[in-house]
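Contents: one structure, followed by commentary.
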Amino acid sequence: MLKVEHLTKKYGKVFANRDVSFELPDGSITVLLGPNGAGKSTVIKSVIGFLKYDGIITVNGLYNKSVEAKRLLGYVPELPSLYPNLTVGEHMEFIARAYRLSDYREYKQELLERFELTDKLKKFGDELSKGMQQKLSICCALLPRPQIILFDEPMVGLDPHAIKELKSLFIELREGGASLLVSTHMIDSVDMLWDRTIIMKDGEVKAEVAKTDLDQNGASLEDLFFTITEES
């Protein structure tokens, strides 16, 4: 379980996040929604340990910046950050060695095939298109089989086949007990996938709603989003 308590992040006098708190239950997909500048990426970068912040973030009770916690976390950034001098195949092997993985080759092959990278194994990171870089970033994040995976705008730049495979993977990961936090402003891309949504505006959590509750009220995620983010 990921637990965020009173997360606050300031840049000078400007609040990027203000007293943000939420939990990710095991085996769930939580969608983090909000307009540009709402503070979504700051939340994710704080959780993954890239930023200094005030508050408490724990992963299965472990401090999120500890080595033990980082082994449980996976991260797909909005902009892929690859090693220009490593090939696609070498990226995957690097991750396997960094995490000291064993019996990973079958899963590695499965990921590469699903995201149509098997014919790109000898291509260097900076030779790939933006979409291919995103696919490789996803494969690298998933190879260690993390328990909690953070996706920051994961479908931007992906082709229809890759989007279909990623959505299928979301379901499989949830069924396998993983917790997913998917940050996006593309509501239609996740409309049927989510279990819970957290809607942010101006660095604050404005709503946290379960899909079952929204369905019972006959409301749509899009309607809820615009009601919250466009209110004066």
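None of the values given here were measured: they were computed from a predicted structure.
- No side-chain donor-acceptor contact under 3.5 Å links Ser179 to the backbone of Ser28.
- Linking Ile, Leu, Val, Met, Phe, Trp and Tyr residues whenever their side-chain heavy atoms come within less than 4.5 Å leaves Phe151 and Ile44 in two separate clusters.
- The CD1 atom of Ile148 lies 10.5 Å from the OG1 atom of Thr30; values are rounded to the nearest 0.5 Å.
- Of the possible polar contacts, one joining the Lys201 side chain to the Thr229 backbone as a donor-acceptor pair under 3.5 Å is found.
- To the nearest 0.5 angstrom, Lys108 atom NZ is 12.0 Å from Leu117 atom CG.
- No side-chain donor-acceptor contact under 3.5 Å links Thr42 and Asn17.
- A salt bridge links Glu172 with Arg114; the closest basic N to acidic carboxylate O contact falls under 4.0 Å.
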message: Assess the residue pair Asp152 and Ser41 against the criterion (side-chain hydrogen bond (donor to acceptor under 3.5 Å, both in side chains)); give the C-alpha distance rounded to whole Å, side-chain angles, the decisive distance to 0.1 Å, and a yes or no.
response: CA-CA 7 Å; Asp152 195 354; Ser41 291; 2.9 Å; yes
field: Stepwise ring pair (Phe, Tyr, Trp, His ring centres under 6.0 Å) check, Tyr99 with Tyr104
entry: CA-CA 11 Å; Tyr99 282 83; Tyr104 66 90; over 10 Å; no
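- The shortest distance between side-chain heavy atoms of Lys40 and Glu153 falls below 4.5 Å.
- Leu166 is connected to Leu193 through a chain of hydrophobic side-chain contacts under 4.5 Å among Ile, Leu, Val, Met, Phe, Trp and Tyr, so both are in one cluster.
- With rounding to the nearest 0.5 Å, the separation of CD in Glu90 from CG in Leu121 is 10.0 Å.
- With hydrogens and angles disregarded, a donor-acceptor distance shorter than 3.5 Å links the side chain of Gln134 to the backbone of Pro154.
- Val182 places none of its side-chain heavy atoms less than 4.5 Å from the side chain of Trp194.
- The shortest side-chain heavy-atom distance between Thr184 and Met155 does not fall under the 4.5 Å cut-off.
- Atom CD1 of Ile171 and atom CD1 of Ile29 lie 4.5 Å apart (nearest 0.5 Å).
- Taking CG from Leu173 and CZ from Arg145, the interatomic distance works out to 9.5 Å, rounded to the nearest 0.5 Å.
- Few gaps surround NZ on Lys65; more than 12 heavy atoms of other groups in view lie less than 6.0 Å from it.
- Without hydrogens or angle criteria, Ser21 side chain to His6 main chain gives a donor-acceptor distance under 3.5 Å.
- Taking 4.5 Å as the limit, some side-chain heavy atom of Phe50 sits within range of a side-chain heavy atom of Tyr75.
- Side-chain contact between Tyr53 and Val4: absent, with no pair of heavy atoms (C-beta onward) separated by less than 4.5 Å.
- Panel note: side chain Ser137, backbone Val76; no donor-acceptor pair is recorded below 3.5 Å.
- In this structure, CD on Glu113 lies 10.5 Å from CD on Glu165, to the nearest 0.5 angstrom.
- By the neighbour-count criterion of 12 heavy atoms within 6.0 Å, atom NZ of Lys45 is sparsely surrounded, having that number or fewer from other residues, nucleotides or ligands.
- For Pro84 against Asp126, the heavy-atom pair with the smallest separation is O-OD1, 3.5 Å.
- Of all heavy-atom pairs spanning Ala178 and Ile149, the tightest one is CB-CD1, 4.1 Å.
- Looking only at side-chain heavy atoms (C-beta outward), Tyr11 and Leu51 come within less than 4.5 Å of each other.
- Here the shortest heavy-atom pairing between Ile199 and Phe225 reads CD1-CA, 4.0 Å.
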task: Take Val59 and Glu68 through the side chain to side chain contact (heavy atoms under 4.5 Å, CB included) test and state the conclusion after the steps.
output: CA-CA 9 Å; Val59 179; Glu68 295 82 4; over 6 Å; no
task: Go through the steps for Asp195 and Arg174 under the test side chain to side chain contact (heavy atoms under 4.5 Å, CB included), then give the verdict.
output: CA-CA 10 Å; Asp195 300 303; Arg174 176 176 62 186; 2.9 Å; yes
- prompt: Yes or no on side chain to side chain contact (heavy atoms under 4.5 Å, CB included) for Phe115 and Leu169, after CA distance, side-chain angles and deciding distance?
  reply: CA-CA 11 Å; Phe115 289 97; Leu169 265 174; 3.4 Å; yes
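- Taking a 6.0 Å sphere around NZ of Lys3, one finds it holds 12 or fewer heavy atoms contributed by other residues, nucleotides or ligands.
- Phe94 is linked by a ring-ring contact (aromatic ring centres under 6.0 Å, His included) to Tyr83, counting only residues two or more places apart in sequence or in another chain.
- What you find for Pro146 and Gly74 is that their closest heavy atoms are CB-N, 3.5 Å.
- For Leu86 against His91, the heavy-atom pair with the smallest separation is O-CE1, 3.3 Å.
- No side-chain heavy atom of Met132 sits less than 4.5 Å from a side-chain heavy atom of Val88.
- Of the possible polar contacts, none joining the Asn64 side chain to the Leu73 backbone as a donor-acceptor pair under 3.5 Å is found.
- Each of Val20, Leu62, Leu2 was checked for a side chain to side chain contact (heavy atoms under 4.5 Å, CB included) with Ile57, and the lone residue meeting it is Leu2.
- The closest side-chain heavy-atom distance from Lys135 to Leu158 is below 4.5 Å.
- Summarising the local packing, NZ of Lys123 is surrounded by 12 or fewer heavy atoms from other residues, nucleotides or ligands at distances under 6.0 Å.
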- request: For Met200 and Leu32, run side chain to side chain contact (heavy atoms under 4.5 Å, CB included): C-alpha distance rounded to whole Å, both residues' side-chain angles, the deciding distance at 0.1 Å, then the answer.
  value: CA-CA 7 Å; Met200 295 187 64; Leu32 184 61; 3.8 Å; yes
